[in-house]
There are 2 protein chains.
Amino acid sequence: MTPTKQHTSPSFRPLYEQIKVLLTQSLIAGEWHPGEAIPSEHELAARFKVSQGTVRKAIDELAAENILIRRQGKGTFVATHNEEGIKLRFLRLTAADGQKELLENQMVDFSKTKAQGDIARMLDLKAGTSVIEAKRLLTFSGRPMILDHIIIPAGPFKGITATKIQEKNGSMYSMYETEFKIRMIRAEERLKAVAADEEVSRLLGIPLHSPLLSIERVSYTYGDVPMEWRLGLCITDTHHYMNELE
Amino acid sequence: MTPTKQHTSPSFRPLYEQIKVLLTQSLIAGEWHPGEAIPSEHELAARFKVSQGTVRKAIDELAAENILIRRQGKGTFVATHNEEGIKLRFLRLTAADGQKELLENQMVDFSKTKAQGDIARMLDLKAGTSVIEAKRLLTFSGRPMILDHIIIPAGPFKGITATKIQEKNGSMYSMYETEFKIRMIRAEERLKAVAADEEVSRLLGIPLHSPLLSIERVSYTYGDVPMEWRLGLCITDTHHYMNELE
DNA sequence: GAGTGGTCTAGACCACCAA
DNA sequence: TGGTGGTCTAGACCACTCA
């Protein structure tokens with residue numbers, strides 16, 4: 001599959017974008033695994049019959065999207081949720097004082113159900129498709145902090161169990177990656193403030209109607225395919241959600 | 001001031017980073033104004049005695065930081081908060097149904113006070129420095145939605161009045177830019193859920209202890225100098241805060 | 001058609017890393 | 001020392017905009 005340098009416009013696509021697509025296809029096909037190095041820029045340039053600079057620009061963009069990671073002198077690597085420090089990449093909740101903390105994870109509910117309405121739509125599933133539904137309590141340094149409600153399609157995650165979630169100590173994305181070869185690339189979050197209802201206040205050990213930060217998240221794998229819906233209810237008296245605007 | 005191509009390392013700095021600094025200095029000095037075009041890449045390459053590709057890389061990064069804006073065929077422009085569509089660049093709150101809405105702005109309080117404790121620290125001011133303090137109510141499509149508490153140093157904003165804030169219909173950053181030549185480049189936000197107290201519930205017209213999304217924001221101008229502290233309390237039954245994670 | 005940003009090349013050389 | 005990513009160049013050509 002050789003990229004074509006199509007000139008004199010009608011529907012012009014830069015070469016480096018075509019390279020980007022080819023690289024992404026290799027990633028999806030599993031040619032290179034998470035944490036591994038991909039071939040050097042020179043090798044890829046030779047393979048695709050383009051200059052090193054063009055490969056470089058393609059990799060630059062994939063690196064900006066956190067799909068690849070450059071390491072000077074060592075190579076370019078496939079991003080993973082498995083490494084220390086990169087774990088919990090999507091967790092924006094930090095303590096007011098910036099302390100490091102112990103994270104624990106307790107399953108509250110685990111069941112197989114059918115996708116309905118909004119959630120089916122957000123996961124791009126037909127209503128009635130089988131889904132796995134889990135509720136868990138996250139504990140920060142011994143204190144209950146987040147009540148998570150997670151829904152994933154049963155098909156791609158065939159064979160998942162409550163135990164598998166427990167084992168990785170709450171790092172779901174790491175588990176998805178190693179157990180199901182599903183890599184989450186990006187996520188969209190919607191935040192609001194809500195009042196704790198009876199069930200939630202009991203589980204989190206807080207008064208009824210306490211204010212909670214509600215974080216609804218849809219995570220996407222390659223090709224912008226939604227693969228997980230999640231609703232986190234967070235106690236935010238000692239913690240807050242950090243965000244940088246540019 | 002010619003950039004030096006320093007080779008054989010000790011404390012190596014890429015040429016394009018030096019160019020980036022020079023461009024930023026020109027922006028601070030007011031050589032080019034918001035909304036205006038900067039010189040072409042060729043011109044800048046000639047001025048700085050480097051190749052076009054090197055200037056390009058410097059501009060690329062400034063464009064990624066939303067400090068410059070590229071427009072193919074037209075030129076590269078200094079970013080501004082004044083344009084339609086770019087206005088409210090930092091407002092992440094959107095309606096659940098994505099409707100366009102009318103925004104109104106009503107001043108509740110406007111006074112000159114002294115910076116204290118945490119706020120002085122976050123604005124990088126000595127305790128006791130004069131600051132302007134404003135509270136205002138933002139109304140979306142006729143419904144009270146956000147109660148803003150804003151604090152800015154009095155010095156750089158000498159001559160500010162409640163009227164000036166009202167006039168621009170709530171677009172503070174646009175006003176800062178045109179009236180005080182202060183351009184906000186980026187901001188950090190910390191979100192939590194809180195319960196409405198007596199004053200807040202009265203002003204927003206909601207029951208006492210209703211859950212509110214609290215958005216604390218510090219905005220920075222060139223050189224990472226903090227210039228505004230803001231606390232927004234938002235009703236989030238019909239709206240939510242959107243965020244994209246990569 | 002002239003001017004601007006955008007793409008692509010081929011090649012040189014540098015900084016960083018590991019063996 | 002050799003391989004990798006990172007920088008820089010000089011030049012060609014393309015796509016887009018506007019007069």
Side-chain angles (χ1 to χ4, degrees), chain A residues 2-23 26 32 35-79 83, chain B residues 2-23 26 32 35-79 83:
Chain A
T2 307
T4 51
K5 308 182 190 184
Q6 43 184 340
H7 287 282
T8 55
S9 50
S11 80
F12 164 74
R13 280 263 151 159
L15 241 189
Y16 71 84
E17 279 190 13
Q18 302 178 45
I19 305 299
K20 211 178 140 183
V21 170
L22 293 177
L23 290 174
S26 288
W32 314 301
E36 286 180 11
I38 70 172
S40 76
E41 294 179 356
H42 272 97
E43 267 182 80
L44 291 170
R47 182 205 294 197
F48 298 134
K49 304 264 184 20
V50 298
S51 79
Q52 183 244 12
T54 300
V55 169
R56 187 169 179 75
K57 174 128 188 176
I59 293 179
D60 273 345
E61 298 209 345
L62 292 170
E65 295 167 33
N66 292 315
I67 292 173
L68 295 177
I69 298 173
R70 294 175 166 294
R71 288 200 194 117
Q72 181 169 102
K74 299 174 80 172
T76 300
F77 297 78
V78 182
E83 273 164 41
Chain B
T2 308
T4 52
K5 309 182 191 183
Q6 43 183 339
H7 289 282
T8 53
S9 50
S11 80
F12 164 74
R13 281 263 151 162
L15 241 189
Y16 73 83
E17 279 190 12
Q18 301 179 46
I19 304 299
K20 210 177 141 184
V21 170
L22 293 176
L23 290 173
S26 288
W32 314 301
E36 286 179 11
I38 70 172
S40 76
E41 294 179 355
H42 272 96
E43 267 182 80
L44 291 170
R47 183 206 290 199
F48 297 135
K49 303 263 185 20
V50 298
S51 79
Q52 184 244 12
T54 301
V55 169
R56 187 168 178 76
K57 174 129 189 176
I59 293 180
D60 273 345
E61 297 210 343
L62 291 169
E65 294 167 32
N66 292 315
I67 292 173
L68 296 177
I69 298 173
R70 293 174 167 293
R71 290 202 195 116
Q72 182 169 99
K74 299 174 82 173
T76 300
F77 298 77
V78 182
E83 273 165 41

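Quick note on labels: first sequence line is chain A, next is B, and so on, each numbered from 1.
Comparing A:G73 and A:R70 along DNA chain D, the residue whose closest nucleotide (by nearest heavy atom) sits nearer the 5' end is A:G73.
Distance OH (B:Y16) to P (D:dG6): 9 Å, rounded to an integer number of Å. In this entry the distance linking CD1 of B:I19 with C1' of D:dT9 reads 13 Å, nearest Å. One can place NZ of B:K57 at 15 Å from P of C:dG6, the figure rounded to the nearest angstrom. Atom C1' of nucleotide D:dT17 and atom CZ of B:R71 are separated by 12 Å, given to the nearest angstrom. Look at CG on B:D60: it is 12 Å from P on C:dG5, rounded to the nearest Å. With rounding to whole Å, B:H42 atom NE2 is found 10 Å from C:dG3 atom C1'. Following rounding to the nearest Å, A:L44 (CG) and D:dT4 (C1') show an atom-to-atom distance of 12 Å. One atom, NZ of A:K49, and another, P of C:dA10, lie 13 Å apart when rounded to the nearest Å.
Within the nucleic acid shown, A:R56 comes within 4.0 Å of at least one base atom, counting heavy atoms only.
Nearest to the side chain of B:S40, among C:dC8, C:dT4, C:dC16, sits C:dT4. For B:Q72, the listed nucleotide lying nearest its side chain is C:dG5; candidates were C:dG5, D:dT4, D:dC8. Comparing C:dA18, D:dG5, C:dG5 by their closest approach to the side chain of A:E41 singles out D:dG5.
Note that CG of B:D60 and CZ of B:R70 are 4.5 Å apart. Values are rounded to the nearest 0.5 Å.
Within the 4.0 Å cut-off from OP1 or OP2 of C:dT9, at least one side-chain nitrogen or oxygen of A:T54 is found.
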